[in-house]
Amino acid sequence: MIELEKYEKVLRSSFPFDLLTDIQFQRMAEESTRASFQANEYVFQEEDNEVELFFLLKGLAKNVLHREDGQQISVRFYYPGDLIGAMILLASGQMNFSVQALEDCELVRFQKSTFLDLMTENEAFNEAVLTGIGDRMKSLYDEIKKERTYADAENIGLFRTRVQTMMDQAVTIRDAATLEAAAGKLNEQNSAGLIIIDSREHLRGILTQQRLINGLLHGSAADPVSRWMDDRPHTIQENAFSYEVLTFFKDDYIDLVPVMRGEIVVGVLTAESFLQLQDSKYLHLSYRLQHAKTIREIAKVAPKNHEDFHYFTEALLNERTHPTEVSEFISSYNDQLHRKVIQLAIHSMKKEGHGPPPVNYCFIVMGSQGRKEQAFSTDQDNGLILDNYRHLTHWREVEDYFHRFAGKVNQGLADAGFPECTGGIMARERKWCRGINEWREEVFRWVKESDGQEIRDFTIFIDYRPVFGDFSLAETLREEITERIQNGRILQAFLMKDTIRFKVPINPFGRITIRGKEKKIDLKKSALMQIVNGVRIFAIKYGIKEPGTTARLDQLEKLEVFHPRDVRNAKLAMDVLHYHRIKQNLKDLRAEKPLSNEIAPLELSKEDRKQFKEALIIAKRMQQMSELSFQKNRGI
């Protein structure tokens with residue numbers, strides 16, 4: 001602890017307190033108190049009704065921004081000499097960030113009313129505090145803007161809406177018309193811009209409001225629009241998908257895009273045009289999910305439970321969307337559902353008097369959801385990575401909090417249509433809820449000593465992906481374990497043995513072998529997982545951190561581990577297998593039968609059966625590649 005006299009000297013010599021008179025400083029010091037926080041404790045959280053004002057004497061803290069998608073990001077750090085809480089104090093309202101101690105911290109807690117009085121009395125002190133807050137507000141705004149842009153980019157490609165269903169009517173004008181006439185037409189039509197056409201109705205260019213203003217300022221109102229138009233605009237054909245044009249609007253200078261039917265302009269798209277996507281069945285479901293207030297409301301719009309979701313998914317397949325992308329789409333929607341259940345669980349914990357989470361945490365999903373390779377038949381595979389907490393005096397209370405919290409999440413997910421994992425791989429289990437240091441040690445133990453069951457647990461775990469909370473915990477853990485796993489030859493040997501347990505039902509002559517009365521094949525166990533497991537082993541061997549199979553394939557091709565042909569074949573096989581798996585799930589849902597990953601190849605059309613057989617051959621080749629590669633390198 002820093003002694004009273006010493007800390008007052010530190011405070012007195014620090015900016016902006018050196019701007020106070022001796023009397024003012026003495027008043028502030030007399031009404032201040034000391035505060036201590038251990039590493040990973042919160043100084044205050046976003047939900048706190050009363051946020052205090054602090055001066056950091058010793059240690060390191062960070063400001064944590066809470067995004068709507070459940071992710072926490074660090075916006076800035078606090079070092080000795082920094083004020084903490086001033087921005088919230090003067091904003092006179094709740095703000096969506098918290099402050100957390102990264103090291104053991106010593107702080108001075110000010111009396112807020114006295115601090116505000118001193119700002120009123122001392123103009124230089126007031127200006128210094130406000131200038132500092134202004135700089136922080138700007139950095140906070142920039143970070144929010146950057147993160148929202150990143151989050152929005154991740155949603156591109158989910159929609160397969162045709163451009164012609166969302167375009168606006170084009171406002172056109174001839175290329176010989178004057179800027180004055182163009183200004184009148186823009187004002188009359190309240191348009192973002194004009195489409196410039198020639199006498200044959202062919203596109204010449206576009207004239208935006210910005211270009212019009214530029215022409216009037218630097219030219220003449222009598223100038224022809226052709227002089228000031230953009231004569232090389234981006235265009236899109238009317239039968240294109242909406243995602244194909246979304247990327248254009250990421251450029252600040254693009255305000256509108258002409259929609260073409262051949263060489264003729266038939267419409268126009270602006271950034272606002274995409275608001276029409278609100279009529280999409282998917283967006284309607286997503287809206288209902290985001291505004292759900294109970295688990296029952298969430299369950300109604302869960303993928304397995306709503307016909308609109310079934311129709312939308314089928315439409316994506318029918319529109320020739322890659323089935324692996326459809327699987328990613330289903331997984332992304334399930335991510336949203338998980339976040340909503342977690343938010344309701346946090347609200348329930350507060351309502352019951354347990355308060356907000358006592359330390360930072362990250363909720364992770366594993367297995368097929370971690371890889372974003374889900375269909376409708378899926379159960380829960382999830383866990384919690386907690387910030388280190390064992391050094392805290394109340395560590396047992398921390399464990400109890402997260403045990404209760406995880407139990408609510410797992411139950412909520414079960415009620416919403418995600419069955420509990422029969423193997424117990426759920427966040428409420430002690431094994432799957434650990435501090436980050438414990439997780440690291442457990443993975444290192446897996447590398448050295450694992451039995452059959454633990455190997456299967458590991459294969460599910462290693463595909464983990466963060467969906468809510470402090471994502472940096474998941475990213476840090478991945479960084480710390482990758483190299484050790486990469487060098488774990490014994491672990492990789494066990495992974496190989498586990499992978500070849502299930503044989504691909506294809507004989508040496510390339511014919512499908514079907515056993516059993518129903519003549520069915522389990523797509524997941526007998527084909528899809530052979531590709532997933534094989535790619536995973538190579539990804540581990542070469543230190544690839546991505547959890548998704550497609551991303552792993554891309555990295556393996558980049559590293560020249562896989563030939564581009566093998567990568568293309570593996571992706572094609574996955575598309576075929578995901579297609580039949582999703583179609584079978586939809587068939588089961590409509591017949592109100594239990595979901596299954598089994599299909600009867602003999603019931604497929606001739607063309608589908610041919611593609612299915614080729615996918616099995618590729619899965620078999622992947623299994624053989626993995627086995628041969630390991631045999632070459634084994635030396636354990």
Side-chain angles (χ1 to χ4, degrees), residues 134 137-139 141-142 144-153 155-156 159 161-280 283:
M137 285 293 285
K138 183 180 183 302
S139 65
Y141 169 77
D142 290 342
I144 293 171
K145 182 179 178 183
K146 180 182 74 174
E147 289 298 323
R148 283 183 176 170
T149 300
Y150 173 74
D152 291 344
N155 293 323
I156 293 174
F159 304 104
T161 308
R162 299 283 185 180
V163 164
Q164 60 192 359
T165 66
M166 51 186 295
M167 66 186 183
D168 298 315
Q169 184 176 359
V171 181
T172 62
I173 193 169
R174 289 292 174 86
D175 50 3
T178 64
L179 287 180
E180 183 177 12
K185 197 158 194 176
L186 272 177
N187 183 57
E188 177 184 332
Q189 299 291 333
N190 192 28
S191 174
L194 299 174
I195 304 298
I196 314 301
I197 57 174
D198 61 19
S199 58
R200 296 177 300 166
E201 305 289 321
H202 286 181
L203 176 68
R204 284 286 316 279
I206 60 174
L207 185 74
T208 62
Q209 293 179 2
Q210 184 62 43
R211 283 182 171 269
L212 174 64
I213 293 170
N214 192 45
L216 293 173
L217 286 175
H218 301 98
S220 166
D223 285 345
V225 293
S226 57
R227 180 182 173 187
W228 298 97
M229 70 183 182
D230 176 4
D231 62 354
R232 300 180 67 182
H234 287 282
T235 62
I236 193 78
Q237 291 294 316
E238 64 176 343
N239 62 347
F241 293 114
S242 63
Y243 78 92
E244 296 178 66
V245 73
L246 271 171
T247 51
F248 294 162
F249 292 100
K250 292 183 73 64
D251 294 321
D252 293 338
Y253 62 89
I254 295 178
D255 296 309
L256 72 163
V257 174
V259 180
M260 314 295 291
R261 182 182 298 147
E263 296 183 7
I264 304 298
V265 179
V266 293
V268 66
L269 286 175
T270 64
E272 288 74 21
S273 301
F274 290 88
L275 295 176
Q276 294 181 25
L277 284 174
Q278 65 186 349
D279 295 328
S280 155
L283 276 183

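One-based numbering along the sequence shown. It should be emphasised that the depicted structure is a prediction, and the values quoted were computed from it without experimental measurement.
Considering every non-hydrogen atom in both Ala182 and Leu212, the closest pair reads CB-CD1, 4.4 Å. The minimum heavy-atom distance between Ala176 and Pro224, with the atom names listed, is O-CB, 4.2 Å. Shown here for Val266 and Arg261, the closest heavy-atom pair between the two residues is CG1-CB, 3.6 Å. Residues Gly193 and Ser191 share a closest heavy-atom pair of O-OG, 2.7 Å. What you find for Ile195 and Pro258 is that their closest heavy atoms are CD1-CG, 3.8 Å. Annotation for Val268 and Ala170: closest pair CG1-CA, 4.0 Å, computed over non-hydrogen atoms.
With sequence neighbours excluded, the residues that form a side chain to side chain donor-acceptor pair (under 3.5 Å) with Asp223 are Arg227, Trp228. Residues forming a side-chain contact (heavy atoms from CB on, under 4.5 Å) with Gln209 (at least two apart in sequence, or on another chain): Leu186.
Here Lys185 does not pair with Glu180 in a salt bridge; the nearest charged N to carboxylate O distance is not below 4.0 Å.
In this structure, His202 contributes its side chain and Asp198 its backbone to no donor-acceptor pair below 3.5 Å.
Considering CD1 of Ile173 and CG of Leu207, their distance stands at 8.0 Å, rounded to 0.5 Å. Within the model, atoms CG of Leu269 and CD1 of Ile236 stand 8.0 Å from one another, a figure rounded to the nearest 0.5 Å. Once rounded to the nearest 0.5 Å, the distance linking CZ of Arg200 with CD1 of Ile264 reads 8.5 Å. Note that the CG atom of Asp231 and the CD1 atom of Ile196 stand 11.0 Å from one another [nearest 0.5 Å].
Heavy atoms from other residues, nucleotides or ligands lying under 6.0 Å from CD of Gln189 number more than 12.
Residues Asp230 and Thr208 fail the side-chain proximity criterion, which asks for heavy atoms closer than 4.5 Å.
Listed by first then second residue, pairs satisfying salt bridge (Lys or Arg N to Asp or Glu O under 4.0 Å) with a partner in residues 204-217 read Asp175-Arg204, not counting sequence neighbours.
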